[in-house]
J.: 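Here it is, the structure in full.
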Amino acid sequence: MSKITSITGRILYNSRGNKTIEVDVKADKNFLGRVCAPSGASVGKHEAVSFPNGKPEEGLRILKENANKFLNLDPSDLKSVHESLRSIDPTENYSIIGGALAFAVTIAAMESASMALGEPLFKTLSKEEEYRFPFPLGNILGGGSHAGPGTPDIQEILICALGSKTIREAIETNFAVHQELRSVLEKTYPDFTYGRGDEGGWAPKLTNEKALELSAKACENLGFSLGDEVSLGVDFASSTQWNEQKNRYVYDRGGFENSPEEQIEFASNIIKKYKLIYAEDAVHEEAFEDMAELSAKFPKTLIAGDDLIVTNKKILKKAINAKSCNAAILKVNQAGSLFDALEFAKEANDNNIKLITSHRSGESTDSHISHIGIATKSKMLKVGVVGGERVAKLNELIRLSEHDLIRGMAEI
Ligand code: PGA
Ligand code: ZN
């Protein structure tokens with residue numbers, strides 16, 4: 001059995017240039033697990049807080065003061081590592097230590113265990129006979145809280161190459177659509193600056209409708225039919241528009257407002273018109289019944305909860321009872337520790353809720369989530385298309401395609 005012989009941390013920076021925390025866990029003095037935590041911009045009300053009082057330094061101080069609580073634990077015993085964290089922070093939303101620290105400590109421990117075992121991380125995370133690749137789901141055009149004024153209110157238009165037979169083909173197809181979309185934007189708007197949002201999607205000054213139309217055009221220009229070789233998805237991130245006082249969704253940039261009923265209609269029209277395979281947070285984070293209406297209407301589309309479920313097992317159970325979603329986003333740092341996230345994944349898989357493991361808008365260049373996506377039997381991996389911190393995850397999938405344990409693409 002391996003033992004944790006040291007645990008240390010440091011302050012680094014994420015893809016937005018904001019401070020974050022990195023943790024090194026060493027097993028048997030030799031085997032290093034190193035994890036740098038991401039953080040979100042469109043953050044759900046009920047997710048784990050990133051840092052105690054918003055301060056990464058405070059998380060680091062707590063780690064240093066409590067390092068001995070982790071020493072001599074078996075790094076592959078995720079439950080024990082998690083329980084040590086919980087002995088420091090029993091709060092539901094990790095307000096004492098921050099979700100970023102919980103994320104980094106638990107994943108780094110498992111990585112050090114995988115190093116000691118001489119096996120890839122996905123195998124240490126989950127023992128299966130065979131594994132599948134999740135389909136990469138990439139942001140080709142962005143707006144909302146990931147891009148500036150004038151961009152669409154809708155946060156993300158996404159591409160997924162569901163017709164691809166290999167992971168390389170799926171990744172290359174996403175790149176091709178992203179590139180073609182640039183040409184389409186350039187031809188339509190000669191003053192397009194090639195500006196991109198936080199996750200690498202183009203961030204042009206466009207209405208929601210036009211953004212969707214041009215994204216579809218980019219696919220068609222490449223000879224693809226929507227719903228065949230490629231499909232579009234949308235993260236509405238509609239809690240950003242939701243105004244509780246008004247009881248309406250306020251689309252500042254589009255200059256219109258939707259009642260809850262109109263919002264369902266608005267999302268339904270987009271799902272139908274663009275044959276979306278994926279629709280995330282089409283209604284706000286507490287609208288479980290409205291989500292259920294969409295799920296009933298579109299059984300073939302992944303109706304996914306991100307801010308709605310925040311990788312929280314209790315909330316997932318509520319969503320399952322209300323039949324709100326047939327799919328759920330898994331972001332480890334929303335849950336807090338990897339242990340919490342894997343428990344969440346089990347609950348989802350046991351209830352036929354399709355998982356989409358996801359990056360955050362403020363990312364590190366780590367690629368652990370590629371392994372987590374495989375180990376949790378995720379159908380899709382939402383990691384963007386371009387930008388070093390996004391491509392890092394995609395490149396890791398290509399490396400992993402050298403393993404014969406992974407037998408092809410997920411079945412959606
Ligand atoms: P976030 O965005 O990381 O800013 O929360 C990603 C998403 O909403 O899917
Ligand atoms: Zn989202």
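Counting convention: from 1, in listed order, for ligands and their atoms alike. Computed over heavy atoms, backbone and side chain alike; hydrogens, waters and symmetry mates excluded.
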J.: Give the ring-plane orientation class for F122 versus H403, where under 30° counts as parallel, over 60° as perpendicular and anything between as tilted.
T.: perpendicular
J.: Can an N or O of A41 be found at a distance shorter than 3.5 Å from an N or O of ligand 1?
T.: yes
J.: More than 12 foreign heavy atoms under 6.0 Å from CD of E57: is that the case here?
T.: yes
J.: Does a sphere of radius 6.0 Å around NZ in K69 hold more than 12 heavy atoms from other residues, nucleotides or ligands, not counting ones at 6.0 Å or beyond?
T.: yes
J.: What are the atoms of ligand 1, with element, lying closer than 4.0 Å to any heavy atom of E280?
T.: 9 (O)
J.: For residues C160 and P136, report the shortest heavy-atom separation together with the two atoms involved.
T.: SG-O, 3.7 Å
J.: Under 4.0 Å, heavy-atom basis, I'd like to know which part of D306 is in contact with ligand 1: side chain, backbone, both or neither.
T.: side chain
J.: As an exercise, identify every atom of ligand 1 less than 4.0 angstrom from a heavy atom of G40.
T.: 1 (P), 3 (O), 4 (O), 5 (O)
J.: Quick check: are there more than 12 heavy atoms from other residues, nucleotides or ligands sitting under 6.0 Å from CD of E169?
T.: yes
J.: Just one of V250, N258, I154, D153 clears the side-chain contact (heavy atoms from CB on, under 4.5 Å) bar with Q241, so which one?
T.: D153
J.: For atom 8 (O) of ligand 1, find the nearest protein heavy atom and state the residue, atom name and distance (0.1 Å precision).
T.: Q155 NE2, 2.9 Å
J.: As an exercise, identify every atom of ligand 1 less than 4.0 angstrom from a heavy atom of E156.
T.: 6 (C), 7 (C), 9 (O)
J.: Anything under 30° is parallel, anything over 60° is perpendicular, the rest tilted; go ahead and classify H284 against Y249.
T.: tilted
J.: When you measure from the side chain of K127 to the backbone of K123, do you find a donor-acceptor pair of N or O atoms at a distance under 3.5 Å?
T.: yes
J.: Of all the N, O or S atoms in E280, which one sits nearest to the Zn ion (ligand 2)?
T.: OE2
J.: Quick check: does any side chain N or O of R86 sit under 3.5 Å from a backbone N or O of D89, one acting as donor and the other as acceptor?
T.: yes
J.: Which of the numbered atoms in ligand 1 are under 4.0 angstrom from any heavy atom belonging to E199?
T.: 2 (O), 6 (C)
J.: What atoms of ligand 1 come closer than 4.0 angstrom to any heavy atom of H146?
T.: 1 (P), 2 (O), 4 (O), 6 (C)
J.: Does atom NZ of K64 have more than 12 heavy-atom neighbours, drawn from other residues, nucleotides or ligands, at distances under 6.0 Å?
T.: no
J.: Write out the residue and atom name of the closest protein heavy atom to atom 6 (C) of ligand 1, then the distance separating them to 0.1 Å.
T.: K331 NZ, 3.4 Å
J.: Within the structure, does S39 bring an N/O atom to less than 3.5 angstrom of an N/O atom in ligand 1?
T.: no
J.: Nearest protein heavy atom to atom 3 (O) of ligand 1, by residue and atom, and its distance?
T.: S361 N, 2.8 Å
J.: Report the part of D198 in contact with ligand 1, treating N, CA, C, O as backbone and CB onward as side chain, heavy atoms under 4.0 Å; options are side chain, backbone, both, neither.
T.: neither
J.: Among all the protein's non-hydrogen atoms, which is closest to atom 9 (O) of ligand 1, and how far away is it?
T.: K382 NZ, 2.7 Å
J.: Just which atoms of ligand 1 are under 4.0 Å from any heavy atom in D235?
T.: 7 (C), 8 (O), 9 (O)
J.: Looking at the Zn ion (ligand 2), is one of the N, O or S atoms of D235 less than 2.8 Å from it?
T.: yes
J.: To check you understand the geometry: which heavy-atom pair defines the closest contact between A392 and D366, and what is its length?
T.: CB-O, 4.3 Å
J.: Consider every N or O of R360 and every N or O of ligand 1, then say whether any pair is closer than 3.5 Å.
T.: yes
J.: With carbon and hydrogen excluded and only N/O/S kept, which atom of D306 is nearest the Zn ion (ligand 2)?
T.: OD2
J.: Going by distance only, is there an N or O of S358 that falls short of 3.5 Å from an N or O of ligand 1?
T.: no
J.: With no hydrogens and no angle check, is any side-chain donor or acceptor of N139 less than 3.5 Å from a backbone partner on E199?
T.: no
